[in-house]
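These notes concern the structure reproduced below.
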Amino acid sequence: MSDLPKVYSPKDVEEKWYRDWETKGAFSAKRDPHRTPYTIVIPPPNVTGILHMGHALNNTIQDILIRWKRMDGKVALWVPGTDHAGIATQNVVEKALAKEGKSRHDLGREKFIERVWKWREEYGGTIIRQLKRLGASCDWTRTRFTMDEGLSKAVQEVFIRLYEKGLIYRGHYIINWCPRCQTALSDEEAPHQDLQGHLYYIRYPMEGSKDHIVIATTRPETLLGDTAVAIGPKDDRYRKLLGKTILLPVLKRKLKVVEDEFVDPAFGTGVVKVTPAHDPNDFMMGQKHNLPSVNVMNPDGTMNEEAGPYQGLDRFECRRRILVDLEKEGLLEKTEPHAHAVGHCYRCRTIIEPRLSLQWFVKMKPLAEPAIRVVREGKVTFIPSRWSKIYLDWMENIRDWCISRQIWWGHRIPVWYCVGTDHCKIECKEPIVGRTRPEKCPHCGSKNLRQDEDVLDTWFSSWLWPFSTLGWPEEDEDLRYFYPTDTLVTAPEILFFWVARMIMAGLEFRGNIPFREVYIHGTVRVEGGKKMSKSLGNIIDPIEIIEKFGADALRFSLMVITATGSDVYLSEQKFLIGRNFANKIWNAARLILPKLEKRQPLSPHLPLDDTDRWILSRLNRTIEEVTEALSEYSFNDAGSLLYEFFWHQFCDWYLEMTKARKNEEIAPILEEVLKKSLLLLHPIMPFLTEEIWQNLSPKESIMVSEWPKPDKAYFNPEIERSLSFFMKMTTEIRNLRSQWNVPEGTNLDIEIPLTKTLPSLDEKKLYYGFEFLKKSAGISKVAFTPGKKGKPAGSATLVVSHSPVFVQLKGVINLEAEKSRILREIEERRAHWQKTMERLKDNNFVSRAPEEVVLKHRESAKLLEEGIVKLEEALAELS
RNA sequence: GGGCGAAUAGCUCAGUUGGUUAGAGCACGUGGCUUACAUCCACGGGGUCACAGGUUCGAGUCCUGUUUCGCCCACCA
């Protein structure tokens, strides 16, 4: 093994093993009725996506779960795939077209879609390749794309079923309109953001009078679409306006005055302009009072012919101009700064325009009810649990979902309209919903039909992902075996977009929950708290980290710094944790492997030293704890436990202590500890562990080897206690050496008086431990002496866990300095002792605290006292 | 406006049901190239657990309030 390089080199290892796993089919899950399935569906990344740290975190977690469960004997299936990401992908391809000086309209719908597919062929696989570099053990033979034939069929099926059930309808409503993408958006796609705007107080003249009323608005350009003025129902200030006619500034349109309880007399002036085509509340009022709707904008956010003199202006330019004009006419009373929340397009950040238009909607309440129930009843649980409240709040206030999008890339709505002729009847206006293009209009027989131009919201395919990827609507064997899935691992941003809707879809179309547990991890940020984003230029690219430090380093670091469900703050430096740890494991293997040549397996008959018993106890305890941590999604605990065990217990102590021993004696233990450690580490660090595993001449890949179980026969708390005494002693002696500046090569003798409080420290059983102590702390002789013998001359006194240890320092020791050192020690202990005694003297404490706590205090006081006595004795002898 | 989360060492963060003297990594200081590893080893310094009250024999941990930061939700023009 000496030919292994000194420094672990991930590059030489990762590609090799990934290819090996893939060609052996190790990732693919096959149904096995005798074993339990464990299924995860990947949150499908956008096909335009490139791997960022959020993906790295999300997919590392999934891979850890899948690899762990696979080793643990489950039929572990991780279904991968990508999302067609309607708007995002269309934007990307349109940008590429723009470079050629073309728009999508120059190509036409069909050619454009062809172009998107071509783009997808070329670039759509990027993120999949990147996931492979991360080590993701997805079953790639099942890779799905939301625009695949099967998944498209599922989308169509769902649309039709919901339509037939009356849960899909079409109608004119105010929706969120993105003037840049030129499509409707759902409420979730138009997140509100606080903006510092203004409240403009505008005078609306009254007909036939010199009077005016003042109305406050944040969007003066929309006044061009006003069709009424509203006042509060019990507002005596304005009662007199009822029946009067108000004149719309600029356009001089006549507006009537209505009463509506929506109006809050306390806000602004207590009078509201009513613009039914550009505001949801005004729309409602318009319906109630039978007001006309006047849409004043074009789809691109410029003003249309209804805007009169402002036609053709951009909406914000129009705002400026209208304010100037109002000012000129003396109709702008005042302007106040005003912060308010404004919707923004989640794809391009453009300010949303609420706009009246004809769209398709899903009625959500009936779907939400069962989805609320399953979370209430604990059939679907969130980790951390606080997310279930957020989920329930949203579900209980759910609003209908606008699902039509005015773009080309996506699932076209399976609806046709009769564009018929003179023979058309009223019913011909009804949409014709079907799986295929109807031959003719069922009402008038016309063959002149056209399909709805719109496509469906991307999330209308994603919400089916847990079952559409398994073959639905076909009743596949796989679907029955692997559904419901087990765990969904995702980021909080898509709780409403995706998670909530999947639960609704699963219940509606499969009659069952889509997954049992939802693990919601944090958001990746950079140190300093900002969100990591391209626009801020603070991206840490996971692929670069993989190139530099290796995928295992990336994975381990991410896990160990991420507490369950909390946000992650990254800096490049943090990946050194994983790189250094990987290197440590590598070098431990380099040390161990040559020692294993003549090994025999660990068996109960092997003679064991106390240090052996100790490391085996630690190992089995670690197996138990790591398994526990994983099942609680405490990946940082799992990582830290392994780090602490492998580095600070196994390497720092055990490996050092065994350096003096014969290979055949320790080989079984070394092999046991190394192997089990590698198995435990494998889900987090798949590549490195496989590379070392393969050097152990295994029969099969580590990824299909069995997950270790703790062997309780090796649990040995007593040994752990006495070894920790021994370690403390070692540390204290080393400390003493550095305090006294004992030069290298000066050997010291120590004497350990045998007292009752001394943990069972058997020199013979601990022989190799003492050998190590001699070497590492520069000790030449260790002697156990009868307790009564007292302190040898010229020695320093240590009190380790209340037991004295005398270190011979003749010639080195400075009497005064040693005295003051001991005095300091005594003082420290005395302070602690006093505090403990105060408690014990308190009757309240003794009577109310649990017995074992009181007992602990008593014990502790006694030991402290003994330690102090020993130190005082030592001090007396020095004087 | 409502809700959620966070505040612990110079930095980034752990801290399970309240229980003796609050931990880690990085950074820092000192000493070491000890033939697995300088991506390393040994030792060390460093904290009024945001603030103010309260509950309790006992609070980093539970309760109330305050401050600061972050996030989510919301149709007051």
Side-chain angles (χ1 to χ4, degrees), chain A residues 1-2 4 6-8 174 191-192 199 215-219 222 230 262-264 266-269 271-275 279-284 338 340-341 354 384 386-387 389-390 393-394 397 492-493 495-496 522-523 525 527 529-531 549 553 560-563 565-571 573-574 576-577 579-594 632 634 636-637 640 643-644 651-652 655-656 659 731 734-739 741 744 775-777 828-829 831-832 835-836 839 842-850 852-854 856-857 859-861 864:
Chain A
M1 287 317 298
S2 48
L4 285 182
K6 251 175 127 163
V7 171
Y8 172 59
I174 298 275
H192 287 245
L199 199 53
I215 295 178
T217 179
T218 53
R219 293 186 295 154
T222 63
F262 162 77
V263 180
D264 173 6
F267 187 89
T269 59
V271 188
V272 177
K273 64 197 233 8
V274 184
T275 324
D279 183 279
N281 295 308
D282 295 9
F283 177 73
M284 251 170 39
H338 180 68
H340 59 149
R386 66 185 132 95
W387 291 105
K389 190 182 172 307
I390 294 170
D393 283 351
W394 187 77
N397 299 301
E493 296 96 77
L495 181 65
F496 306 141
T523 305
R525 296 168 197 284
E527 276 183 2
K530 290 230 173 64
K531 201 165 165 173
F549 305 132
V560 91
I561 63 177
T562 311
S566 59
D567 287 352
V568 195
Y569 294 85
L570 281 181
S571 62
Q573 213 195 29
K574 288 199 168 153
L576 294 177
I577 303 170
R579 180 196 65 164
N580 295 352
F581 187 42
N583 195 53
K584 188 73 188 179
I585 299 166
W586 179 252
N587 276 289
R590 285 212 309 142
L591 174 69
I592 293 167
L593 286 166
E632 288 171 352
S634 301
N636 61 329
D637 283 346
S640 309
Y643 186 90
E644 168 67 20
C651 291
D652 287 354
L655 285 184
E656 293 302 329
K659 273 182 176 167
T731 300
R734 284 168 174 167
N735 180 7
L736 208 63
R737 281 184 77 96
S738 95
Q739 272 183 49
N741 280 322
E744 278 298 296
K775 204 173 132 206
S776 78
E828 248 172 60
R829 272 157 218 265
H832 187 192
K835 224 174 158 184
T836 313
R839 288 247 177 106
D842 184 350
N843 269 339
N844 273 327
F845 172 72
V846 178
S847 58
R848 295 197 199 193
E852 76 255 29
V853 174
V854 178
K856 253 191 191 168
H857 276 72
E859 183 74 1
S860 159
L864 278 166

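- Across all strands, A341(A) comes closer than 4.0 Å to base atoms (heavy-atom distances).
- Judged by distance alone, the side chain of R590(A) and the main-chain N or O of L4(A) form a donor-acceptor pair under 3.5 Å.
- Note: OH (Y643(A)) to C1' (rA24(B)) measures 9 Å, nearest angstrom.
- For the P atoms, the distance linking rA42(B) with rU35(B) amounts to 15 Å, nearest Å.
- Heavy atoms of S860(A) sit under 4.0 angstrom from at least one base atom.
- Rounded to whole Å, the separation between the C1' atoms of rG5(B) and rC13(B) comes to 15 Å.
- rG60(B) and rG19(B) are spaced 10 Å apart, taking the P atom of each and rounding to whole Å.
- Among the atoms of the strands shown, only primed sugar atoms or phosphate atoms (P, OP1, OP2) are found under 4.0 Å from some heavy atom of R839(A).
- In this structure, N281(A) reaches the bases: a heavy-atom distance under 4.0 Å links it to at least one base atom across the strands shown.
- In this structure, L736(A) atom CG and rG31(B) atom P are separated by 18 Å, rounded to whole Å.
- Proximity of S571(A) to the phosphate of rU12(B): no side-chain N or O atom is located under 4.0 Å from OP1 or OP2.
- Along RNA chain B, the nucleotide nearest to I561(A) and the one nearest to D393(A) differ in position, and the one closer to the 5' end is contacted by D393(A).
- Here the straight-line distance linking atom CG of L864(A) with atom CD of E828(A) works out to 11.0 Å at 0.5 Å rounding.
- Rounded to a whole Å, the CZ atom of R386(A) is 10 Å from the C1' atom of rC71(B).
- Counting heavy atoms from C-beta on, the side chains of L199(A) and H340(A) never come closer than 4.5 Å.
- Put simply, H338(A) has a side-chain N or O that comes within less than 4.0 Å of OP1 or OP2 on rA77(B).
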Checklist entry - Could you run down nucleotides 33-40 of chain B 5' to 3' and tag each one B, S or - for protein heavy-atom contact under 4.0 Å? => result ---BBSBS
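- Residue contacts for D842(A): at a heavy-atom cut-off of 4.0 Å it reaches the sugar-phosphate backbone alone, with no base atom in range.
- Here, rU68(B) and rC76(B) have their C1' atoms 29 Å apart, quoted to the whole Å.
- If you measure from atom CD of E828(A) to atom C1' of rU20(B), you get 15 Å, rounded to the nearest angstrom.
- For the pair I390(A)/F496(A), a side-chain contact is recorded, criterion being any heavy-atom separation below 4.5 Å from C-beta on.
- Atom CH2 of W394(A) and atom C1' of rC4(B) are 18 Å apart (whole Å).
- The separation between K835(A) atom NZ and rG58(B) atom P is 13 Å, rounded to whole Å.
- S776(A) comes within contact range of no nucleotide atom at all, as no heavy-atom separation falls under 4.0 Å.
- Taking 4.5 Å as the limit, some side-chain heavy atom of N583(A) sits within range of a side-chain heavy atom of V7(A).
- N636(A) places no side-chain N or O within donor-acceptor distance of the main-chain N or O of I561(A), the cut-off being under 3.5 Å.
- Here P191(A) lies out of heavy-atom contact (under 4.0 Å) with every strand.
- rC11(B) atom C1' lies 9 Å from atom CD of Q573(A), rounded to whole Å.
- R737(A) places its CZ atom 11 Å from the C1' atom of rA42(B), with the value rounded to the nearest Å.
- In this structure, E859(A) does not pair ionically with K856(A), as no charged nitrogen and carboxylate oxygen lie closer than 4.0 Å.
- Each of K856(A) and E644(A) was assigned the nucleotide of RNA chain B with the nearest heavy atom; the assignment lying further toward the 5' end belongs to K856(A).
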